[in-house]
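Okay, structure first, notes after.
If you're wondering where the values come from, they're calculated on a predicted model, not measured in any experiment. Reminder, nothing fancy here: chain letters follow the sequence lines and each chain counts from 1.
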2 protein chains.
Amino acid sequence: MKSDKKARLERAGWVVGDAAQFLTLSAQEQRFVELKLALATGVRQLRERRGLTQAALAKRLGSSQSRVAKMEAADTSVSLDLMMRSLLSIGATAGEIARLIKKTEAA
Amino acid sequence: MKSDKKARLERAGWVVGDAAQFLTLSAQEQRFVELKLALATGVRQLRERRGLTQAALAKRLGSSQSRVAKMEAADTSVSLDLMMRSLLSIGATAGEIARLIKKTEAA
DNA sequence: CCGTCACATGTCATATTGGACATACTCGCT
DNA sequence: AGCGAGTATGTCCAATATGACATGTGACGG
């Protein structure tokens with residue numbers, strides 16, 4: 001497909017797909033869960049490195065131990081928001097967080 | 001305070017604070033909104049760079065134009081999750097996302 | 001002018017995520 | 001074996017984020 005026509009269709013709201021269209025959706029979903037996984041691992045690592053228990057981190061967050069456990073397990077019921085807040089609460093720098101994300105690159 | 005004692009108290013769940021304790025809470029909150037802001041800006045930039053309208057991106061996400069608009073405005077009603085999904089839908093690489101976050105470092 | 005397109009803003013019913021609590025599992029210790 | 005600290009897992013229902021929709025603005029072309 002000509003790229004100008006493709007652009008026009010996309011502007012019109014269509015998801016212009018090639019043969020792998022359906023796959024790309026789940027590929028993005030996969031990238032998303034990889035990202036969550038990486039952040040979950042990061043939370044655990046940084047927390048342990050600082051000698052904090054899940055309960056201690058929970059108190060800082062105004063959350064509960066069970067939520068922290070689920071978070072570190074990358075449970076589907078926890079959002080990226082909570083993970084980010086956790087990382088920040090632990091004292092992760094932007095660079096550290098960026099590094100966690102960068103690590104998910106490629107395969 | 002001795003750092004071993006501090007560690008013990010923290011393990012016990014206490015938020016051991018220095019004089020800036022109350023401030024750190026809001027400082028983290030500020031870092032969080034800066035992060036959201038950076039990602040919001042990133043979404044807009046990448047979307048425009050690819051010649052997509054908000055409606056087109058919304059369709060890809062299975063969302064709506066209004067939500068995309070709020071997202072790019074870093075509205076408090078939109079989650080990091082949606083922003084990340086957007087970036088991935090747009091085709092941002094992990095490196096690009098990491099760079100957006102890294103940029104929020106320092107001041 | 002008027003229509004159209006892209007974007008902004010507000011509201012709402014519903015779905016997802018939240019903290020809390022109970023309870024179970026796993027160690028290391030004595 | 002029995003304990004205690006830390007962690008895991010499951011279920012509540014309250015809080016928040018969601019898509020949909022209506023409507024408003026502003027720019028551009030005719």
Side-chain angles (χ1 to χ4, degrees), chain A residues 4 7-15 25 28-29 32-33 35-37 39-90, chain B residues 4 7-15 25 28-29 32-33 35-37 39-90:
Chain A
D4 59 339
R8 249 189 305 120
L9 288 172
E10 282 181 335
R11 292 180 74 78
W14 294 99
V15 177
L25 251 189
Q28 278 153 209
E29 197 53 27
F32 185 71
V33 313
L35 208 136
K36 277 182 72 168
L37 225 57
L39 294 182
T41 304
V43 168
R44 169 156 294 172
Q45 284 183 346
L46 289 175
R47 175 181 65 78
E48 289 180 343
R49 194 166 302 166
R50 287 177 179 49
L52 292 173
T53 66
Q54 292 181 342
L57 173 55
K59 188 149 283 188
R60 286 199 191 194
L61 285 168
S63 181
S64 57
Q65 178 267 325
S66 58
R67 228 55 348 255
V68 173
K70 284 172 225 248
M71 179 167 65
E72 294 184 352
D75 189 289
T76 55
S77 85
V78 344
S79 67
L80 275 185
D81 295 58
L82 191 60
M83 290 184 177
M84 279 295 178
R85 284 180 198 279
S86 298
L87 287 167
L88 295 175
S89 280
I90 291 173
Chain B
D4 59 336
R8 248 189 307 122
L9 288 172
E10 283 180 334
R11 291 181 74 78
W14 294 98
V15 178
L25 249 190
Q28 277 152 210
E29 197 53 29
F32 185 71
V33 315
L35 209 136
K36 278 182 72 168
L37 223 57
L39 294 182
T41 305
V43 168
R44 169 156 294 172
Q45 284 182 347
L46 290 176
R47 175 180 65 78
E48 289 180 342
R49 193 166 303 164
R50 288 176 179 48
L52 293 173
T53 65
Q54 292 182 342
L57 173 56
K59 187 149 286 192
R60 287 199 191 195
L61 284 168
S63 181
S64 57
Q65 178 267 326
S66 58
R67 207 121 276 287
V68 173
K70 284 174 228 253
M71 179 168 65
E72 293 184 353
D75 189 290
T76 55
S77 85
V78 343
S79 69
L80 234 47
D81 294 60
L82 191 60
M83 290 185 178
M84 279 296 180
R85 285 179 199 278
S86 297
L87 287 167
L88 294 175
S89 280
I90 291 174

Self-check item: N/O (side chain, R47(A)) to phosphate O (OP1/OP2, dT7(D)) under 4.0 Å
Solution: yes
Q) Between the axis at one end of the helix from dC1(C)-dG30(D) to dT30(C)-dA1(D) and the axis at the other (five pairs apiece), what's the angle to 10 degrees? A)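 If I round to tens, the end axes sit 40° apart.
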Starting at atom [atom1] of [X], determine the distance to atom [atom2] of [N], rounded to an integer number of angstrom.
| X | N | atom1 | atom2 | result |
| --- | --- | --- | --- | --- |
| M71(A) | dT9(D) | CE | C1' | 16 Å |
| K59(A) | dG18(C) | NZ | C1' | 18 Å |
| Q54(A) | dG19(C) | CD | C1' | 15 Å |
| E48(A) | dT7(D) | CD | P | 7 Å |

Interatomic distance, [X] atom [atom1] to [Y] atom [atom2] [nearest 0.5 angstrom]:
| X | Y | atom1 | atom2 | value |
| --- | --- | --- | --- | --- |
| L88(A) | M83(A) | CG | CE | 13.5 Å |
| R60(B) | L52(B) | CZ | CG | 5.0 Å |
| L57(A) | L46(A) | CG | CG | 10.5 Å |
| M71(B) | S63(B) | CE | OG | 7.0 Å |
| R85(B) | F32(A) | CZ | CZ | 4.0 Å |
| L39(B) | M84(A) | CG | CE | 7.0 Å |

_Minimum heavy-atom separation for A58(B) and S64(B), please, with both atom names._
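For A58(B) versus S64(B), the nearest heavy atoms are CB-C, 3.3 Å.
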Closest contact, heavy atoms only, L87(A) versus G42(A):
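Reported closest heavy-atom pair: CD2-C, 4.0 Å.
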Ranking L61(A) and A69(B) by the position along DNA chain C of their nearest nucleotide, the one closer to 5' is A69(B)
Polar atoms only, N or O, under 3.5 Å: list the protein pairs with nucleotides 21-28 of chain D and their distances.
{"residue": "dC21(D)", "atom": "N4", "partner": "S66(B)", "partner atom": "OG", "Å": "2.7"}

Q) Would you call S86(A) and L61(A) a side-chain contact if the rule is heavy atoms closer than 4.5 Å? A) yes
### Query
Looking for any heavy atom pair under 4.0 Å, which part of the strands does R44(A) touch: base, sugar-phosphate only, or nothing?
sugar-phosphate
Expected list for residues 73-84 of chain A near DNA chain D, using heavy atoms below 4.0 Å, is none
Which of R44(B), R67(B), K36(B) passes salt bridge (Lys or Arg N to Asp or Glu O under 4.0 Å) with E72(B)? It is R44(B)
For I90(A), does its backbone N or O pair with a side-chain atom of R50(A) as donor and acceptor, under 3.5 Å?
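Checked: pair present.
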